[in-house]
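So the structure is just underneath, and the comments pick up after that.
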Amino acid sequence: MAKSKLEYIWLDGYKPMQSLRSKTKIVDNFSGELEGCPMWSFDGSSTEQAPGNSSDCLLKPVALFPDPARENGWLVMTEVLTADGKPHETNGRAMIDDNDNDFWFGFEQEYFLWDPETDKPLGFPANGYPAPQGPYYCSVGAKNAFGRDIIEEHLDLCLEAGLNVEGINAEVAAGQWEFQIFAKGAQRAGDEIWVARYLLERTAEKYGVAINWHCKPLGNLDWNGSGMHANFSNEILRTAGSKEVYTKILEAFRPVVKEHIDVYGPDNHLRLTGKHETASINDFSYGVSDRGASIRIPVVTVERGWKGYLEDRRPNSAADPYKVAARIIKTVKSAKL
Ligand code: ADP
Ligand code: MN
Ligand code: MN
Ligand code: MN
């Protein structure tokens, strides 16, 4: 009898950033389809998701990917439900109001490869600092690019798992990297970011390297922080052909700055300072090609006659893409056109 290894992945209840958790279920004669993945349960009292005297939480499979690193392996992204089958309060995916996949999202996930021994990024000496920022972005060579084996292996795993990675690059700080994932459908985009994060953690683990998702792991020194720019569009933005429509949608973001920042990742005040290609956390601004704005209007959107997408530059590397997408969708839908 063929035995398959199904790795059920979920998000725990830790704050301020939910961690990835997973466990393996062995299934006989697995169909290879999402419908063939049974519901499962776990001990929510061990993940800050339930009290010990009523600890069961449910795992509802929502997306399935082949696991390239494991024979007969599959990655099963799940949503956490309470014992009575309702979305758990930590379940950001269930907050997304986009049934018809009208919304498309492209997330640019930045992160640091982190040496657990020195507690510094790869490429940093145990004492002191490497040369200042400048040579690392999109670099090649052992002097400036650190951890390429890991990120190459991660890229291959993502592609083999069927994730729609659109690119990767070395980022501005030493040891800092980025990958981009795009999907038509907000839930799918969130699923793919979380599974890519999972694969990155698991790959780096083999090398004894950690991932630092914090948005400003080097504090307020002159080193870039990590973002997760959210590029988004819906049918209206893709076809508007009107600056006025874009302006109305952008203005809908102005009165809800706090609601957005609340789900754009922890400690974002350390990153959104107005320096290092960011806007101040308290302001709201937008502009064509403006990388110092809260929301950038990509120049291609204007060149195509106001048909395209927008880039919210405020979400950070540790934000939950489900919650980010849910909030953006809510605000875009609230615009009075
Ligand atoms: P930059 O670093 O210049 O901000 P990237 O190339 O890293 O840009 O990322 C741009 C992102 O925008 C990509 O992930 C891409 O998929 C996404 N994108 C492009 N067109 C759309 C669209 N119509 N809707 C949503 N996202 C889009
Ligand atoms: Mn980018
Ligand atoms: Mn970047
Ligand atoms: Mn960007």
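Side-chain atoms are counted along with the backbone in the values below, which use heavy atoms only and exclude waters and symmetry mates. As the structure lists them, so they are numbered: ligands from 1, and atoms in each ligand from 1.
- Closest of all the heavy-atom pairs between Leu199 and Ala161 is CD1-CB, 4.3 Å.
- Of the N and O atoms on the side chains of Tyr264 and Asp312, at least one donor lies less than 3.5 Å from an acceptor on the other residue.
- Closest non-hydrogen pair, Glu71 versus Lys5, comes out as O-NZ, 3.3 Å.
- Within a 4.0 Å radius of atom 7 (O) of ligand 1, the protein contributes at least one heavy atom.
- Between Phe112 and His214, the distance from one ring center to the other does not fall under 6.0 angstrom.
- Surrounding CG of Asn220 are at most 12 heavy atoms belonging to other residues, nucleotides or ligands under 6.0 Å away.
- With respect to atom 1 (P) of ligand 1, the closest heavy atom belonging to the protein is Glu108 OE1, 3.5 Å.
- In this structure, atom 25 (C) of ligand 1 lies nearest to the protein heavy atom Trp104 O, 3.5 Å.
- Ligand 1 does not have Arg313 within reach: every non-hydrogen atom of the residue lies 4.0 Å or more from it.
- Rounding to 10 degrees gives 90° for the angle at the Mn ion (ligand 4) between ND1 of His229 and OE2 of Glu311.
- When the Mn ion (ligand 3) is compared with the N/O/S atoms of Glu171, atom OE2 turns out nearest.
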**Study point:** Derivation and outcome, ring-ring contact (aromatic ring centres under 6.0 Å, His included), residues His260 and Phe253
**Key:** CA-CA 8 Å; His260 280 259; Phe253 283 76; 5.0 Å; yes
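- Taking all atoms of both residues into account, the shortest heavy-atom contact from Gly147 to Leu122 is CA-CD1, 3.8 Å.
- Atoms of ligand 1 found under 4.0 Å from any heavy atom of Glu178, numbered from 1 in the order shown, are 7 (O).
- Distances from the Mn ion (ligand 3) to the N/O/S atoms of Glu178 are shortest for OE1.
- Among the heteroatoms counted here (N, O or S) of Glu110, OE2 is the one nearest to the Mn ion (ligand 3).
- Considering only non-hydrogen protein atoms, atom 23 (N) of ligand 1 sits nearest to Ser233 OG, 3.3 Å.
- Of the candidates Arg291, His229, Glu171, it is Arg291 that places a heavy atom closest to atom 3 (O) of ligand 1.
- With distances taken over non-hydrogen atoms, the option nearest atom 13 (C) of ligand 1 out of Glu166, Arg238, Gln180 is Glu166.
- A parallel orientation is assigned to the rings of Trp223 and Tyr129, their planes being inclined by less than 30° (bins at 30° and 60°).
- Among the atoms of Glu108, no N, O or S atom falls under 2.8 Å of the Mn ion (ligand 3).
- A distance of 6.0 Å or more separates the ring centres of Trp74 and Phe65.
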Exercise for review: Check the pair Trp104 / Phe232 against ring-ring contact (aromatic ring centres under 6.0 Å, His included), numbers first and verdict last.
Suggested key: CA-CA 6 Å; Trp104 300 355; Phe232 63 94; over 10 Å; no
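- If you check which protein heavy atom lies closest to atom 4 (O) of ligand 1, you get Glu311 OE2, 2.9 Å.
- Protein heavy atom at the shortest distance from atom 11 (C) of ligand 1 is Asn231 ND2, 3.2 Å.
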